Each structure stands twice: as C-alpha cells, then as structure tokens.
Amino acid sequence: MSTAPLVEMRDIHKRFGGVHAVRGVSVDLHPGEVVGVLGHNGAGKSVLMKILSGAIAPDAGEIRINGEKVEIESPRDAQRHGIETIYQTLALADNLDAPGNLFLGRELLTRWGTLDDDAMENETRKVVRRLNPNFTNIKGAVRNMSGGQRQSVAIARAIYFNARILIMDEPTAALGPHETRMVGELVKQLKAEGIGIFLISHDIHDVFDLADRVSVLKNGNLVGTRRTTEVTKDQVLAMIILGKLPEDSAGEEMPGFH
Amino acid sequence: MGDATQAVKGRPPQDSGPQIGAFERFVQLTELDTRMLAMVGALVVIWIVFTALTDGIFLTPRNLYNLTVQSTVVGIMATGMVLVIVARHIDLSVGSILGFSGMVLAVFQVEILPLGVWWNWPLTVVMALAVGAAIGAWQGYWIAYRGVPAFVVTLAGLLIFRGCAWIVTEGRTVAPMDPTFQVFGGGIQGSIGAVWSWVTGVLAIAFVVFNAFTSRAKRHRYGFPVKPMWAELGIILVATAIIVGFVMVMNAYTLPRSDIPRGIPVPVLILMIVVVFMMFISRATKFGRYVFAMGGNPEAAELSGIDVRKTTLMVFVLMGVLCAIGAVITTARLNAGANSMGLLAELSVIAAAVIGGTSLAGGVGTVAGAILGAVVMQSLENGMVLLGVSSAMRQVIIGLVLIAAVWFDTAYNRHRR
Ligand SMILES: Nc1ncnc2c1ncn2[C@@H]1O[C@H](COP(=O)(O)OP(=O)(O)O)[C@@H](O)[C@H]1O
Ligand SMILES: [Mg+2]
C-alpha cells in the first residue's frame with residue numbers, strides 16, 4: 001500500500017523479569033482492514049495489544065499512527081489516538097451497571113458538572129440495542145449478568161466512542177455460537193465503516209474468515225504475516241504450532257522468527 | 001445510593017415472573033433497598049426491646065436527643081470510612097486524627113490566640129480542618145504513590161498522631177473553650193430552637209419532594225420506566241413523617257427548668273449537612289463513581305484511564321477532614337481538649353460502616369447505611385447504659401453484634417446470588 005498504515009508497531013520488546021513476552025514484533029494495520037493476531041496461549045498476543053492500548057509500557061520499539069511516531073503512555077493517550085480496546089478480561093467494574101462501565105472515565109455530565117446518569121443510560125440503551133436487541137435490563141450490576149451480556153457491555157464501550165482503531169482480544173471467548181456470529185457481523189460492519197481492527201484469538205477458526213491478513217506469534221516472536229487469500233488454514237495452523245512459514249508464499253515483510 | 005450500589009443492593013431482574021410474592025412486588029415497584037429495610041427493621045426491634053426493658057425511658061425525648069447527639073461524631077466519620085473501605089482500603093488512624101486535630105484546635109483557641117476576639121474560634125476550626133486534610137494527604141501519599149498498604153500506613157498513623165496529640169500539651173487537658181464555639185457540642189445552647197427546627201424540617205421535606213419529581217420528570221423525558229405514583233407518594237409520605245416526627249421529638253426536649261424547646265442540636269445539623277454532601281459526592285460526581293469503580297475492579301479502573309492514585313489520595317484527604325469535623329464537635333461537647341478524645345473511635349467507625357452494609361471486599365457500601373449503622377451501635381450502647389450494663393459487658397455485646405451483622409450480610413448476599 002502506498003499510504004502510511006493506520007497503525008505500525010515496530011520491533012516491540014517487552015520483558016517481565018525473566019519472561020521475554022514480546023521479542024521484536026512488528027505488525028501493522030490499515031483503515032478498513034481486519035488483521036488477525038494468532039498464537040497459542042502465552043504467545044504474547046495480549047501483551048502486544050496492551051502495549052498499543054497504553055496499558056503496558058514497552059521496553060523498546062516504536063508505534064506510528066498514520067505514519068507519525070507517537071508515545072502511548074496510558075490508556076488515555078491511546079483513547080486520544082482513537083484506539084479502543086476490548087480486553088480479554090473485559091475489564092469491567094463488577095459492581096457498576098452497564099452505563100457506569102460504558103462511560104467509565106468518560107462520563108457524561110450535566111451542565112452543573114454532575115453525573116448525568118439518565119443521559120448515560122439512554123446512550124447505553126441505544127448502543128446495546130444495536131449489539132444485542134434482547135439485552136434490555138442494563139441497570140443491574142454487571143456482576144449479575146451472563147457472560148454474553150458482559151461481553152456486550154465491553155464491546156459497546158469500545159464502539160461507542162467512534163474508534164478508528166479497534167483491538168478485540170478474544171472477544172468471543174465467553175459467547176455462544178449465535179452471539180459469536182453477531183460479533184462477526186459487527187466486525188464486518190465496522191470494517192465497512194473504515195475502522196481498522198486487530199482481532200486476537202488463539203483459535204484460527206474465529207479469525208480466518210474475517211481477517212484480511214493474519215500475524216502469527218509464537219513464544220513472543222512474530223512467525224510471519226500473511227494475506228488470508230494467499231494461504232490455507234492448514235498453513236496458518238503450521239505457523240501457529242510449528243512456527244514454520246509456508247514455503248510457496250513469499251513473506252510480506254520482516255520475518256521475526258530466529 | 002448511586003446506581004452503582006443500588007444495582008448491587010437489590011433490584012430484582014425486570015423479567016422476574018408473575019409468581020413473586022406481594023412483598024417482593026412492593027419492593028420492586030418502590031425500588032426500595034431490601035437490605036436497608038432489614039436494617040431499619042433491626043433498629044426498630046432494638047428500640048422496642050430497650051423501651052420495654054427501661055419502662056419507656058429509652059423513648060423519652062431527652063434520651064432520644066442524647067442518642068442523636070452521641071451518634072453524630074461516629075456517623076460523620078463513618079460516611080468517610082464507607083468510601084475508604086469501598087476503595088479497598090482501611091483507615092485505622094481516624095481516632096488519632098480526631099485527637100490530634102482536636103488538641104491543635106483547643107490549644108490555639110484557649111492558649112495561643114487572644115481570647116474573646118470574634119475570629120478566634122472560626123480560625124481554630126479552619127486550622128483543625130487543615131490539620132485533618134494534611135494528615136489525610138500525608139497518609140494518602142504513602143498509600144497511593146508509594147504503594148504502602150493502607151493497613152500499615154494508618155496503623156502507624158494511629159500511633160503517630162496519638163503521640164502528636166500528647167506532645168502538643170504534654171498530656172495536659174486544655175479548657176474551657178470559647179462560649180460561642182461550645183454551640184457545636186449540642187449542649188445547653190447547642191440547639192437551634194423550635195422555629196428554626198421547623199424551618200429545617202420543611203426545607204428537608206421540600207428537598208425530598210423536589211428530588212423525587214425532578215428525577216421522575218427526567219426519566220419520563222427519556223421514556224424510561226418510572227415507579228408508580230402511589231409508590232412515589234408513599235415514599236414521600238414516609239420521609240415526611242420521619243422528618244416531622246424527628247423535629248417534634250427534638251422540640252419536645254426542653255431546656256432545664258423551663259418549657260423552652262431545644263430543637264435540633266447543632267452537631268446533628270452538621271451531620272445532616274455532611275450526609276447530604278457525602279451522598280452527593282458518592283452518587284453524583286465523577287470522583288464518587290471512580291471510588292466505586294476502583295473498589296469493584298482496580299485493573300478496570302486503571303484501564304479506563306482513571307487516575308487511581310489521585311482518587312485514592314483524595315479519599316484519605318476527605319477522611320481526614322471528616323475526622324477534624326468530628327474533633328470540632330468533640331472538643332465543643334467536652335468543653336475541652338483532652339488526650340482521650342477519639343480513643344478507640346476507629347473501631348466504632350469501622351463497625352458502623354460495616355454494620356451499615358459496607359463490604360470489606362470493596363466496591364459496595366452506602367452513606368445512608370453507615371449512618372444507620374452508627375445509630376444502631378449508639379442505640380445498643382445507650383440502651384445498655386440505661387439498663388446499667390457494665391462497660392466490659394457492653395464491649396462484649398457490641399463485638400458479638402458486629403460478627404452477627406457481617407455474618408448476616410454474607411448470608412444475605414449468598415442467598416441473593
Ligand atoms: N503483567 C504480567 N506480568 C508478568 N508476566 C506477564 C504479564 N502479562 C503477561 N505475562 C506473561 O507474558 C507472556 C505472554 O502473555 P500473553 O500476552 O497474555 O499471552 P497470550 O498470547 O495468550 O495473550 C506469558 O508468559 C505471560 O505469563
Ligand atoms: Mg491473551
């Protein structure tokens with residue numbers, strides 16, 4: 001592509017004590033593109049994405065947004081760059097209700113500067129309706145909600161604020177087949193709106209049909225990045241399990257696996 | 001309390017079937033908090049039992065007046081302790097903060113500043129509040145920015161500030177306080193009289209009505225469901241009855257050798273202002289929302305971009321200021337600054353918050369509950385004193401009540417899941 005990518009993460013490193021969780025990984029993402037980030041549990045996917053969302057500071061490497069180098073030092077910084085994240089753990093405050101969680105840190109206020117709970121409830125109903133029309137009881141503590149409802153709240157929070165870049169870390173982990181399909185539809189819809197999406201999963205089946213490209217991680221290394229039109233599922237599986245690149249397809253960019 | 005806690009506390013799912021009992025339907029329609037109702041029920045039982053055992057002495061205006069005044073200091077501090085515990089911290093130093101800020105206040109008022117000038121007592125009150133805020137900021141700094149557990153910092157604070165209180169006068173008691181200042185203690189001059197009590201009562205009723213109808217109108221505008229009119233009016237009626245009853249009782253207690261009504265004691269007025277303020281903080285401000293979010297899931301709060309450290313620091317500053325307000329009332333009531341002020345208060349304050357439904361696991365608690373908790377504790381204490389129960393025995397019983405209350409809470413929550 002000729003224009004600068006929406007997001008470029010270059011040569012990112014992160015250590016936790018003795019654990020080298022991310023070792024010189026580079027990935028990128030274009031507007032309206034879905035990039036699947038695949039790998040076994042513990043491969044470093046969540047850490048890599050948390051670096052982009054400002055939750056973890058990298059030890060080395062740089063991040064570019066629209067070609068410009070940026071410093072993302074906190075979740076606030078990431079939000080300012082239009083990056084929204086659905087965390088694997090959902091990151092919900094269990095004791096708050098759905099509107100409380102959706103607007104956490106970005107509350108709607110009345111003209112006196114107090115919380116405008118009714119306005120927040122109203123907005124939450126609108127966005128949740130789009131995701132899950134059956135989910136109307138949004139005023140209870142999210143602690144008492146089903147896995148699917150909690151997931152809906154986390155997704156609603158990520159899409160409400162007009163993200164340009166969306167990180168979905170195992171978004172269907174808690175969902176049944178029907179809800180999983182709805183998330184798939186949502187991904188397509190957001191993609192059509194020009195949003196760039198990192199779709200993270202340990203399961204290739206969640207990702208392959210939705211993604212334009214897949215980046216595979218293993219033990220903190222980038223095995224490689226491939227267009228989904230140019231590889232088969234089996235070849236990607238070999239990348240995930242063996243860390244082995246398919247021989248017939250040319251590597252698109254820097255093979256990170258040494 | 002805020003939607004946050006209300007949600008936790010007892011709204012049944014909207015789609016609960018038609019077979020639910022009449023009581024549950026009533027609770028659902030009125031949006032009452034069942035746990036709070038249970039506490040009010042427990043309080044009523046305690047009052048009935050003590051009234052029976054004391055041949056009615058417990059329920060005389062004189063005793064109820066004293067009971068309310070006695071509840072104020074613990075009640076005021078408990079509203080802050082709720083936020084501290086909701087944020088997954090603890091403050092063991094509140095009694096010592098009260099003692100130290102009270103000693104500073106007393107020494108300046110009685111020995112350092114000129115006596116009899118009008119600005120003496122207001123200045124010393126401001127100084128006490130500043131001392132409380134500064135101690136809160138100091139402890140909050142170690143907890144929030146240096147990562148020392150609140151248990152350790154405030155346990156140290158319990159020693160440090162008790163020691164500081166002693167050092168101020170080398171243990172001497174300082175007296176007497178400024179006569180105007182003594183009004184804060186709720187003694188002979190320390191109440192606002194019949195007329196102002198009624199004015200306060202009417203204002204409180206107007207506030208309740210205004211609140212109910214503005215929030216109703218707002219929900220209407222968004223097309224949200226509102227509770228039925230009878231429920232709204234019923235709640236207003238009950239609140240009005242409680243306010244009117246309270247004013248009548250306070251007015252029924254007269255000044256010595258006269259039939260001049262005392263009216264609402266000044267410390268109770270202060271408590272009322274603190275309660276309204278703390279309810280506002282915890283339900284209607286970002287700060288309050290963040291405290292609850294931190295208690296519910298600290299990681300989520302951090303990931304939402306909340307400044308968790310600053311919020312934690314502010315919680316302890318608020319706690320320190322409330323302790324200083326407690327010190328104002330205590331020195332005015334004692335008409336002195338003494339070293340025993342606030343001794344063991346941390347226990348009553350934490351107990352009031354916990355009996356009032358604050359969860360030590362964090363994330364759950366209400367200001368109203370803490371006040372009820374303080375009144376429950378003080379009612380037990382007061383009733384047992386009337387019955388001539390020894391102070392040792394009173395401690396045993398209050399300790400047992402604390403265990404029972406927390407056990408009840410645990411069982412209640414398990415049942416609700
Ligand atoms: N906060 C942390 N502290 C220490 N080690 C961590 C932390 N977060 C992740 N790790 C480690 O980093 C590695 C990669 O984890 P992660 O990115 O969560 O894997 P996954 O690909 O399953 O999302 C794992 O070995 C994990 O134990
Ligand atoms: Mg992960």
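Each chain gets a letter, A, B and so on, in the order the sequences are listed, and its residues count up from 1. Below, all heavy atoms of this structure are taken into account, side chains as well, without hydrogens, waters or symmetry copies. The structure displayed is predicted, hence computed values, not measured ones.
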Counting only heavy atoms closer than 4.5 Å, note whether [X] contacts chain B via side chain, backbone, both or neither.
X	answer
A:Ala78	neither
A:Leu90	neither
A:Met120	side chain
A:Leu92	backbone
A:Glu121	both

Pair B:Arg219 + A:Asp118: basic N to acidic O under 4.0 Å: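 Yes, B:Arg219 and A:Asp118 are salt-bridged.
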field: B:Lys218 bridged to A:Asp116 by N-O distance under 4.0 Å
entry: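 Salt bridge: yes.
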- prompt: So, A:Asp11 and A:Ser26: side-chain donor and acceptor under 3.5 Å apart, yes or no?
  reply: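 No, no side-chain donor-acceptor pair sits under 3.5 Å.
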query: Sequence neighbours excluded, which residues qualify as side-chain hydrogen bond (donor to acceptor under 3.5 Å, both in side chains) partners of A:Lys126?
result: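 With neighbours one apart ignored, the set is A:Glu123.
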message: Taking salt bridge (charged side-chain N to carboxylate O under 4.0 Å, His left out) as the definition, give me every residue that meets it alongside A:Glu170, ordered by chain and number, with sequence neighbours left out.
response: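 Not a single residue meets the salt bridge (charged side-chain N to carboxylate O under 4.0 Å, His left out) criterion with A:Glu170.
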field: Partners meeting salt bridge (charged side-chain N to carboxylate O under 4.0 Å, His left out) with A:Asp77 (sequence neighbours left out)
entry: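 In terms of salt bridge (charged side-chain N to carboxylate O under 4.0 Å, His left out), with neighbours along the sequence ignored, A:Asp77 is linked to A:Arg80.
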message: As an exercise: rank A:Val142, A:Thr114, A:Leu104, A:Thr110 by heavy-atom pairs under 4.5 Å with chain B and give me the winner.
response: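 Highest number of heavy-atom pairs under 4.5 Å: A:Leu104.
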task: Compute the ring centroids of B:His89 and B:Phe151, then answer whether they are less than 6.0 Å apart.
output: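 Not close enough - the centres of the two rings lie 6.0 Å or further apart.
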- request: Please list, in residue-number order, every residue in residues 47-63 of chain A that has a heavy atom less than 4.5 Å from any heavy atom of chain B; write 'none' if there are none.
  value: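 Counting heavy atoms that sit under 4.5 Å from chain B, the residues of residues 47-63 of chain A involved are A:Lys50, A:Ala55.
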- request: Return the orientation label for the A:His13 and A:His20 ring planes: parallel under 30°, perpendicular over 60°, tilted otherwise.
  value: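 Tilted: the ring planes of A:His13 and A:His20 meet at 30° to 60°.
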Contact leader toward chain A among B:Met294, B:Glu299, B:Lys286, where contacts are heavy-atom pairs under 4.5 Å: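 Among B:Met294, B:Glu299, B:Lys286, the one with the most close pairs to chain A is B:Lys286.
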task: Kindly check if the number of other-residue, nucleotide or ligand heavy atoms within 6.0 Å of CZ (B:Phe277) is above 12?
output: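 For B:Phe277, atom CZ is not crowded (no more than 12 foreign heavy atoms under 6.0 Å).
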